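Please read the structure below before turning to the comments.
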Amino acid sequence: MISDNLREVQQEIQDSCALVSRSSSEVTLVGVTKSVNVEQTIELAEQGVKNLAENRVDQLLEKKEKMSHLTNLSWHFIGNLQRRKVKSIINEIDYFHALDSLKLASEIQKRAEKTICCFVEVNVSGEASKQGVAYEDLAEFIEQLAPFDKIKVVGLMTMAPLHSTKKEQHEIFAKLKKLQESVQEKRLNFAPCTQTSMGMSNDFSVAIQEGATFIRVGTTLFKD
Ligand SMILES: *Cc1c(COP(=O)(O)O)cnc(C)c1O
């Protein structure tokens with residue numbers, strides 16, 4: 001049941017916050033609904049999860065339309081966004097979690113009719129297969145976003161490798177937090193960078209302990 005799963009996730013958020021003396025109000029649960037249908041997505045929203053994430057343009061648009069009767073929803077796009085699809089999605093979302101190239105930034109700039117809240121995705125682990133800006137290139141990448149007035153860098157996003165140990169997860173998330181603070185300290189108007197989007201079903205507790213403010217949870221919410 002979604003309601004039971006949600007209660008468990010909320011309890012784990014609270015417990016993880018307690019471990020490091022954080023307030024659970026600092027953590028926003030983003031429900032990742034990419035693997036479920038509209039009915040299940042509606043059920044999650046009705047249980048109070050108002051931040052919803054998809055990684056496919058068509059699915060997000062379809063769900064958003066079918067859920068237009070629900071109020072106060074925020075739509076997040078996670079995962080790879082092809083440049084040719086920017087036009088159809090960018091003005092429909094509240095957060096974009098995967099900004100990782102200047103080409104994509106230019107396309108967003110060209111198509112956006114409002115300021116888009118973006119997370120810059122960082123490849124902290126250095127895995128070759130991972131998306132994201134390389135750790136050592138981040139500072140320069142952020143500076144290069146200055147001319148794009150439609151893009152606001154609200155924070156940084158990362159993913160831990162699939163089969164990482166707890167210790168590795170701690171290291172990766174702590175590194176992202178440090179990077180986020182280093183950008184925030186620059187006090188750039190276009191990049192306030194106060195947030196970190198990190199932690200999924202398997203590792204959100206660790207991410208919270210390392211300072212996550214947005215966690216992206218799918219599988220655990222919809223398990224049988
Ligand atoms: C699928 C996905 C998630 C959610 O992962 P779960 O393991 O199902 O919780 C989070 N972030 C991104 C970028 C994803 O693609």
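Any value given below was found using the heavy atoms of this structure, including those in side chains, with hydrogens, waters and symmetry copies removed. All ligand and atom numbering here is 1-based and tracks the order in the structure. Owing to the predicted nature of the structure, the values given are computational and were not obtained by experimental measurement.
A heavy-atom distance below 4.5 Å is found between the side chains of Glu210 and Met198. Side-chain contact between Gln180 and Glu185 is absent, with no heavy-atom pair separated by less than 4.5 Å.
On a distance-only criterion, Ser201 and ligand 1 share at least one N/O pair closer than 3.5 Å. Taking only nitrogen or oxygen atoms, main chain and side chain alike, Val32 does not reach within less than 3.5 Å of ligand 1. Taking any N or O of Asn202, backbone or side chain, none lies under 3.5 Å from an N or O belonging to ligand 1.
Asn202 and Gln169 are not linked by any side-chain donor-acceptor pair at a separation below 3.5 angstrom, with hydrogens and angles left out of the test. Neither side chain, Gln40 nor Thr33, offers a donor N or O lying under 3.5 Å from an acceptor on the other.
Residue Val153 is tested with Val183, Leu188, Ile142, Thr194 for a side chain to side chain contact (heavy atoms under 4.5 Å, CB included); the sole match is Ile142.
In Met159, the part holding a heavy atom less than 4.0 Å from any atom of ligand 1 is the side chain. Here Thr219 has heavy atoms under 4.0 Å from ligand 1 in both its backbone and its side chain.
Closest to atom 12 (C) of ligand 1, if we only count protein heavy atoms, is Ile78 CD1, 3.6 Å. Residue, atom and distance of the protein heavy atom nearest to atom 5 (O) of ligand 1 are Met200 CE, 3.5 Å.
In summary, the atoms of ligand 1 found under 4.0 Å from a heavy atom of Val217, numbered by their order in the structure, are 9 (O).
When Arg216, Lys34, Met198 are checked for heavy-atom proximity to atom 2 (C) of ligand 1, Lys34 turns out nearest.
Closest approach of Leu104 to Leu81, counting heavy atoms only: CD1-O, 3.7 Å.
The distance from atom CG of Asp203 to atom CD of Glu168, rounded to the nearest 0.5 Å, is 11.5 Å.
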